[in-house]
Amino acid sequence: QVQLVESGGGLVQPGGSLKLSCAASGSIFSINVMGWYRQAPGNQRELVATITSGVSTTYADSVKGRFTISRDNAKNTVTLQMNSLKPEDTAVYYCYGGIRTSIRRGMGDYWGQGTQVTVSS
């Protein structure tokens, strides 16, 4: 089994910064992509940022220039540095991993438990 565990959520003022981290563990053969998604009350879960094993990145338009995703392949971790936070960023943030558990199988989708980020004055 594969587990993804997030940390770093909390309460921050508008314009402030916060860093989220996620560690993958378990039966891992390889990790193709890791990323972050978020879901606010009443909204669909949306992509925030992703990063491949080759460190190619993708960002939602709403966070470009403010958020930075990074990855440590040796440690199977992914980090989201969030700057210039806005109240609209308030959501539960979920870590995502596209992970192979065996050379004989393709990628599977794995999710963390979520961590709350609240941006409020």
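The model shown is predicted, which means the values in this text are computed figures rather than measured ones.
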| said: Is the shortest side-chain heavy-atom distance between Glu46 and Arg38 below 4.5 Å? | reply: yes

Residue set satisfying side-chain contact (heavy atoms from CB on, under 4.5 Å) with Ser70, at least two apart, ordered chain then number -> Thr79

Decide yes or no for Leu80 and Thr68: does some side-chain heavy atom of the first lie under 4.5 Å from some side-chain heavy atom of the second? no

Salt bridge (charged side-chain N to carboxylate O under 4.0 Å, His left out) pairs touching residues 103-116, sequence neighbours excluded, are none

Quick note, salt bridge (charged side-chain N to carboxylate O under 4.0 Å, His left out) partners involving residues 50-74, not counting sequence neighbours, are Asp61-Lys64, Arg66-Asp89

For residues 49-58, the side-chain hydrogen bond (donor to acceptor under 3.5 Å, both in side chains) pairs (sequence neighbours left out) are none

The side chain to side chain donor-acceptor pair (under 3.5 Å) partners of Thr118 (sequence neighbours excluded) come to Gln116

Linked, directly or transitively: Tyr110 and Ile103 (ILVMFWY side chains, under 4.5 Å): no

Does one side chain, of Glu6 or Gln113, offer a donor that lies under 3.5 Å from an acceptor on the other?
yes

Residue set satisfying side-chain contact (heavy atoms from CB on, under 4.5 Å) with Asn32, at least two apart, ordered chain then number -> Met107

The remaining residues in the hydrophobic cluster of Val33, counting side-chain heavy-atom contacts under 4.5 Å among Ile, Leu, Val, Met, Phe, Trp and Tyr, are Tyr37, Leu47, Val92, Tyr94, Tyr96, Trp111

Per-pair distances, 0.1 Å, donor-acceptor, side chain in residues 7-31, under 3.5 Å, sequence neighbours excluded:
residue, atom, partner, partner atom, Å
Ser17, OG, Asn83, OD1, 2.8
Ser27, OG, Gln1, N, 3.4

Residues 8-27 vs ring-ring contact (aromatic ring centres under 6.0 Å, His included), sequence neighbours excluded, gives none

Residue pairs meeting disulfide bond (SG atoms under 2.5 Å apart), one or both in residues 30-63, sequence neighbours left out, come to none

